[in-house]
There are 2 protein chains.
Amino acid sequence: MSKTTFSIRDLASEFDVTTRSIRFYEDQGLLFPTRKGQTRIYSSQDRVRLKLILRGKRLGFSLAESKELFELWDQTPGGSMKQLERLQAKITEKKQALEQQLNDIAMLQIELDSAEARCQSAMQELLVQKENVLQEQNPK
Amino acid sequence: MSKTTFSIRDLASEFDVTTRSIRFYEDQGLLFPTRKGQTRIYSSQDRVRLKLILRGKRLGFSLAESKELFELWDQTPGGSMKQLERLQAKITEKKQALEQQLNDIAMLQIELDSAEARCQSAMQELLVQKENVLQEQNPK
DNA sequence: GTGTAAGTTTACGTAAACGTAAAGATGATA
DNA sequence: TATCATCTTTACGTTTACGTAAACTTACAC
């Protein structure tokens, strides 16, 4: 069986964030750990949430955006038609943004490859120059 | 032939950013427009730079990061071996980050699809309920 | 000339996402 | 029992990326 509860340090070291950040996310209403005394106890649900928050950040989501998505998602079963339509709209919006990102990444990858090639040949050029200097200094 | 110079407003409306932002990028050393009197004139080089800056932002680059990449890139021809090695390292780093992003996007796309399905069926459920109510009120 | 529209500099303001320090509570350990 | 180590709250500080307002110049339109 996998672990079911986590300390704040567990999560902090697993995902390489500070405890300050994790508490901040709670402050902003994205996490809701239970307490044992005054100490925070995180469920594996909380852990998943944190993972989603961090992935969102890597993709440029603000905390407010992630929070909004969580809330829409949590209300899905039993939500009103209007809420569901808002969720659908958000999903469509995010999907489009991801398409844009895929484009951006593809283009940047091409450019990085070309930059790498240019960089390599510049380095090669330097090596050749060096050899030439050595040959002049030390002609056979 | 395509346009070779641009006003700050040209660029602002083409890329949908404020002139304030464009001036800020110059302030931070990412753009270097020439002047006609005191008015800024942007070359198509500058335009490309701006495009790169904005794409970088969409991919989570800070302005400082973009600036660093520009500077390394500009020094590539005639750069020292050490500079070239730094560039190569940066390129490798960015490529890895892009791989991570591709992973993140792929996973998020899957989740969005599944969320969309759940959302759709919740909406379908609401419609069915509505029909049932109507049938009760209006039995044939 | 007189707006007025778009450009400029200067400078203070702001939101987001934490960093960091202070000061106290709690539990394990020597 | 004393001392850590780790948790907590509170609160002010900081960086990034601009927003916004003020006060000024320049270029056409009337």
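In what follows, chains are A, B, ... by sequence order, proteins preceding strands, each numbered from 1. All values below come from the heavy atoms of this structure, side chains included, with hydrogens, waters and symmetry mates left out.
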Subject >> Sub-4.5 Å side-chain heavy-atom contact between A:I91 and A:K95 >> reply: yes

**OP:** Would you tell me if any nitrogen or oxygen in the side chain of A:Y25 comes within less than 4.0 Å of OP1 or OP2 on C:dA17?
**Re:** no

Original post:
Taking the side chain of B:S7 as its heavy atoms from C-beta onward, which of C:dT8, D:dC7, C:dG7 lies nearest to it?
Top reply: C:dG7

**OP:** Select base, sugar-phosphate, or nothing to describe what A:T18 touches, counting heavy atoms under 4.0 Å on all strands.
**Re:** sugar-phosphate

Subject >> Contact under 4.0 Å: B:K57 side-chain N or O vs D:dC18 OP1/OP2 >> reply: yes

Subject >> Min side-chain heavy-atom separation B:L63-B:S66 under 4.5 Å >> reply: no

Original post:
Would you say the side chain of B:L127 lies within less than 4.5 Å of the side chain of B:M123, judging by non-hydrogen atoms?
Top reply: no

Original post:
Can you tell me if the side-chain N/O atoms of B:R9 get under 4.0 Å from OP1 or OP2 in C:dG7?
Top reply: yes

Original post:
Whole-Å distance between C:dA6 C1' and B:D10 CG?
Top reply: 12 Å

**OP:** Could you state the atom-to-atom distance from CG of B:L11 to P of C:dA6 in whole Å?
**Re:** 16 Å

Original post:
Given atom NZ of B:K36 and atom C1' of C:dA6, what is their separation to the nearest angstrom?
Top reply: 13 Å

Original post:
Counting only side-chain N and O atoms of A:R20, is one of them less than 4.0 Å from OP1 or OP2 of C:dA17?
Top reply: no

**OP:** Ignoring backbone atoms, test whether B:R23 places a side-chain nitrogen or oxygen under 4.0 Å from the OP1 or OP2 oxygen of C:dT8.
**Re:** yes

Original post:
Within the side chain of B:T76, is there an N or O that forms a donor-acceptor pair under 3.5 Å with the backbone of B:W73?
Top reply: yes

**OP:** Find the distance B:L30:CG to D:dT16:P and express it as a whole number of Å.
**Re:** 13 Å

**OP:** Mind calculating the distance between CG (B:D27) and P (D:dG19) to the nearest angstrom?
**Re:** 14 Å

Original post:
Whole Å only: how far is the CD1 atom of B:I8 from the C1' atom of C:dT9?
Top reply: 12 Å

Subject >> A:D74, CG atom: more than 12 neighbouring heavy atoms under 6.0 Å >> reply: yes

Original post:
What's the CG-P distance between A:L63 and C:dA17, to the nearest Å?
Top reply: 4 Å

**OP:** Report the residue (A:Q38 or A:F24) whose heavy-atom-nearest nucleotide on DNA chain C is the more 5′ of the two.
**Re:** A:F24

Original post:
For the pair made of CD in B:Q28 and P in D:dT16, what is the distance, rounded to whole Å?
Top reply: 8 Å

